[in-house]
Amino acid sequence: MRNYSVFAVTDGQDSPSVSTPHVATQNTPQTAPETAERTVEQPAVQDRQWEATHGDAAAVKQDTSDGVHVVPSPVPHPSDDFQEELVLRPLHSGDIYASFQFRVRWDTDFTRGNKVSHYRLFPKSLGHVISKFSVRELHISFTQGYWRTMQWGQPFLPSPPGAELWVWFQDSVTDVDGTWRELTNVLSGIFCASLNFIDSTNTVQPSASFKPLGIGNVTDHRFLRYATLPREIVCTENLTPWKKLLPCGSKAGLAVLLKSEKLFHSSFHSQAVHIRPVCQDWQCKTTSWELRQTMNVVFDLHTSGQGKREWSLFKMFSRTLTEACPLASSSKIYIDITDNPQGEQFELSPPSPLLSQAVVMGDRRTFSVYDLTQQTTFGTTRSLNVLIRWKSSEGHMLRPLLHAERYVAGYGLQTGEIHTLMYNNHPYRSFPVLLLDSVPWYLRLYIHTLTVTSKGKSNNPSYIHYQPSKDRVRPHLLEMLIQLPPNSVTEVTVQFERALLKWTEYTPDPNHGFYVGSSVVSSLVPSIVAMDTNSTQERPLFSSFFPCKEESSYFVRVYTEPLLVNLPTPDFSMPYNVICLTCTVVAVGYGSLYNLLTRSFQIEEPSPGLAKRLANIIRKIRGVPPL
Amino acid sequence: MATTEVERRRGQLAALSIAAVVIIVGIPLWWRTTETYRAWLPVSQIKELADLQLQLSADVEVVFARGTVTPEQQKKVPLTQSQEEEVIIDGDTSLRYRYEIRYRTATIMEEDALNQPTPAVADLSLHTLSESPCGSLVVYVIPESSSLLPQDVDVYIGQRRTALLRIGGFVGKTLEQLLAHLEPRIKQVLQIMSFSNTDITAALSDRVRPSPGNRGSKADSMRAFKSSPGYEITFSLLNPDPKSHRLHWDIEGAVQTYIQPLLTKLSLVANFSIDSQMLYYTMLGVNPRFDSSSSTYTLNADSLAHVINPVEARLGSNAASSNPVLNFLLYVPDAQHSPLYIHDRKKQQVPSNAFHSPRWGGIMVYNVDAFYGEEATFPIDININMAKVMGVFLAQLRLLLGVQSSTPPSGFLVAPCGSTGLADWELDRLMWSRSVENVATATTTITSLAQLLDQISNIVINDNIAQQVSSAVTSLQLAVAELEAGNLGFALQYSKEAILASERAFFDPSLLHLLYFPDDQKFAIYIPLFLPMCVPILLSLLKIVSEVRQRHREKKAKND
């Protein structure tokens, strides 16, 4: 076993754009594949081979070098490339987090005049969308369930419950709103989702929270549209078109695991599509387009795992793996074994000789790697069923540094108050966060009641962008830059009044309540590595005096829970009742008036009463004159 | 007594005036507030269009080369002559074909051109001499002795709008006899190069219920796509076995070389956009049968119908446009089911190994088992021979677009359609039938829209719909007039505009949300108001009437 210790650190996430306005200038959006190679001594694990996780260049080289060319004519070099990977992370709660990523990169340019029309790996339908609507960047996610940050830590790709769509258009688009409307309709057809319900009443243009993640320096938020549909239910009809976009479909590779009956029997399920332009090489003279399809699932210990702390691919997906997608240049399974360096927490079988390290979410994680393109991975049984068996349920999780939650307070159906709580769990560093709130117009925010308090004191936001709502036209947009003091809870409250809707504006089940989309908290959070105060273990002294720059902070986006607010709902049979009642009242009034006007009145001799008549009869018998 | 009489009169007057107020103010007010907005439509013009009388005219020039007419005859050559033919399709559709035939003798330059060694060269040089406009034809009558045409060929149809006609053993003396001799043959040429009755009737299939008899022509007419302002052409390479085959196709170059010239030529008829994709792990819907005698797999003609459906789910539609899609699939069978051949109904191998589906597209099976060498290791890199593939697809594309390739009668030689894949006269034929089809479709759309709006009085007709309808009607009238005048290009242009405007009006979403108020609900709402109000008014009116009648009778009795 060679003991060379070269490894490349690749970001698990491509470094996201910086969203805080005050740092945006010094840290322009950058997504060039950052492969900082370093030689570090590796004392801990001697008997394992470290695998170099290079960028795409190596993979492509490998792709073309093998295989015997039987065709005399030269084979054209493919300009696109497909990668697939699955990350499994055992969670401390006993649940398991599975994150699929499928990436197609294509060296082409949709923005130029020449029409792109010949597709190989990139799906044609999305290509048409990009070129027709001049999309520069498109992010769409469908999520069922809520990500429990405090139990599970940070996800690789955060997403709010329901559907979320945000799009950057190219600056050549003149009618952004019209294009956005058409685009949402087309996407709704492609993904079988109710994205066509996105209209001006739930679309906002965030000024700072959503910056482009790809290359390009247009940051004018006129070309950005952001909308969420918190009510959207995600199910198989959204999964099928999503799977259809994959080059291998669900026939080969990691995608065979995506069986809907298992995926939807989980605590959290999120599927997403991200399209953006990225650099073709390190010089970044030409762009390529990247389509990233991600699927994040959390399987529950009790419902899917039957309470046993033992997970396998078969138990999670009711499938095992037999081959990689033949079109993929790389196809890997990563298993997060950071908390398990010596195998004392859980046991992995079959064991993998390959290890890889990556800095994810400001934390250096160690992964066990299974390379599906190698036949040896599948062993003699020709199928791979990774098994994780817990040995002890001990262990603690580092609390996530940033965490947010939200609720509605107040009573009655007239007014209420939205509380947003943001937790900074860092022991000694404060950091700024950007809070984005998009509230529908029928909750009329009283912006003068906005208060931000942390540690009992008022905390003035350094930047506020507020766009008031217009009834039936646009929602409220509130963006604030707030400094969170260390180890504190910051509370943002704002009061609102509930509007009365027109009777056609109510949903079919109005007593269920109305959803308000999640607030978005975006921030550059100080790294956990930098937080490591007792950095004595496993690190050479020369590396530990100054905290190193690229790990000192990382980007996090946290979504709060969506709110469910009750609005005053009328009795819907009322209009008809009112019509009937009014008509009757009018008719009665009219009838008496009519009678008064048309009847002629005569004085009639009143007929004598009964007593008088009886008296008269008696008098008649007696022969006395009547009364 | 007098006071009661006054009271009664006052009561009657009051009842009458209330009734008057209800009738004069109430009912018009209710009517105005509940009526739907309906803009004015040119109903009478639409009714005129429902009764469609189309006249197609083509200009034909018959040029006599030297040696075909004697100088005496030459002097008597009539300048123009027109032939008409009327066809009544059904009660409200009739057609009239009209050929304006002009006779003249060849100019010196044309004579030179006709002396070229081969007909193709002659055709080209005649084309450079004078370019005949869209829809017109030139027939050159050449002497019997001319060596231009091969021995057994009487008529040569060129790539452009010219035909060469050998005079064919004419012996008569007078010009009338000559013309009478030529006429049937000129007519035959015209049938091929210009509109023919079958084409035009097929194009009218939207309006006319087809007679049950002719199944063959019906199949022909149903094969081609319906006329549309644009088409999406999608080439898909299906690779069900990417583990064994790594396929490469130069689709971009092939489209440029083979398809684009044809589409450039057809750009007058419609807009085309081309794209291509590769699909992996796409299976056919049927399992091919293994033929042990030749160790090949076969697909029978009967099972071809089931091939498309499972594939189509993967093809994906173009989300960004609503034009019809022409699909061309190239299927490379997987290594286990290779080679795969398509057999026709007579159990014979189809030489092209391809088939097409009407109004959908074509599928070609491309076998790659020749590449499996002795030492070949999977996956094999395979470059697809695009010339072979595109030849098949081009033929299918012509069929699906409705370029009819009718077999010429004996003695006719049709020039092969050079690099563009389409001769000028074929384009003309297509344009004739497309114009007629567009006119027929637009008239049916507009008349059925007018009928619908007439029947359902709840539909709101906005001004923009009225405007679309009017512009459709105007374009239709113009298109019909241009067809009559023989300006084919303009006629097609106007007919396209008409079809666009009529479809826009017909599918306008504002027509959909008709204020849905069924009559029973309407009355449920009105009765509580109307019944108590109307009953006293009616009763008192009745009473007044009966009183008036009684008084009248009393007066009569008194008079008597």
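The chains referred to below are lettered A, B, ... by the order of the sequence lines, with proteins before strands, and numbering in each begins at 1.
A:Pro326 approaches B:Lys243 most closely through the heavy-atom pair CG-CG, 3.7 Å.
In this structure, B:Trp249 and A:His118 have side chains that are not in contact, with every pair of non-hydrogen atoms separated by 4.5 Å or more. No side-chain heavy atom of A:Arg120 sits under 4.5 Å from any side-chain heavy atom of B:Gln277. Side-chain contact between B:Ser236 and A:Tyr119 is absent, with no heavy-atom pair separated by less than 4.5 Å.
Contact annotation for A:Glu182: neither backbone nor side-chain heavy atoms come within less than 4.5 Å of a heavy atom of chain B. Contacts of B:Thr234 with chain A are made by side-chain atoms alone, with heavy-atom separations under 4.5 Å and no backbone atom involved. For chain B, the nearby part of A:Leu121 is the side chain; its heavy atoms alone come within less than 4.5 Å. Both the backbone and the side chain of A:Leu597 come within less than 4.5 Å of a heavy atom in chain B. Of the atoms belonging to A:Leu245, not a single heavy atom falls under 4.5 Å from chain B.
When atom types are taken as modelled, the side chain of A:Lys124 and the backbone of B:Asp275 share no donor-acceptor pair closer than 3.5 angstrom.
A 6.0 Å sphere centred on CZ of B:Arg9 holds no more than 12 heavy atoms belonging to other residues, nucleotides or ligands. Atom CZ of A:Arg181 has 12 or fewer neighbouring heavy atoms from other residues, nucleotides or ligands inside a 6.0 Å radius. Atom OH of A:Tyr590 has more than 12 heavy atoms from other residues, nucleotides or ligands within 6.0 Å.
Ranking A:Val588, A:Leu327, A:Val585 against chain B, the residue ahead of the rest is A:Leu327, based on heavy-atom pairs under 4.5 Å.
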Can you give the donor-acceptor pairs under 3.5 Å from side chains of residues 528-542 of chain B to other protein atoms, not counting sequence neighbours?
{"from": "B:Ser540", "atom 1": "OG", "to": "A:Tyr594", "atom 2": "OH", "distance (Å)": "2.3"}
{"from": "B:Ser540", "atom 1": "OG", "to": "B:Pro536", "atom 2": "O", "distance (Å)": "2.8"}
{"from": "B:Ser540", "atom 1": "OG", "to": "B:Ile537", "atom 2": "O", "distance (Å)": "3.0"}

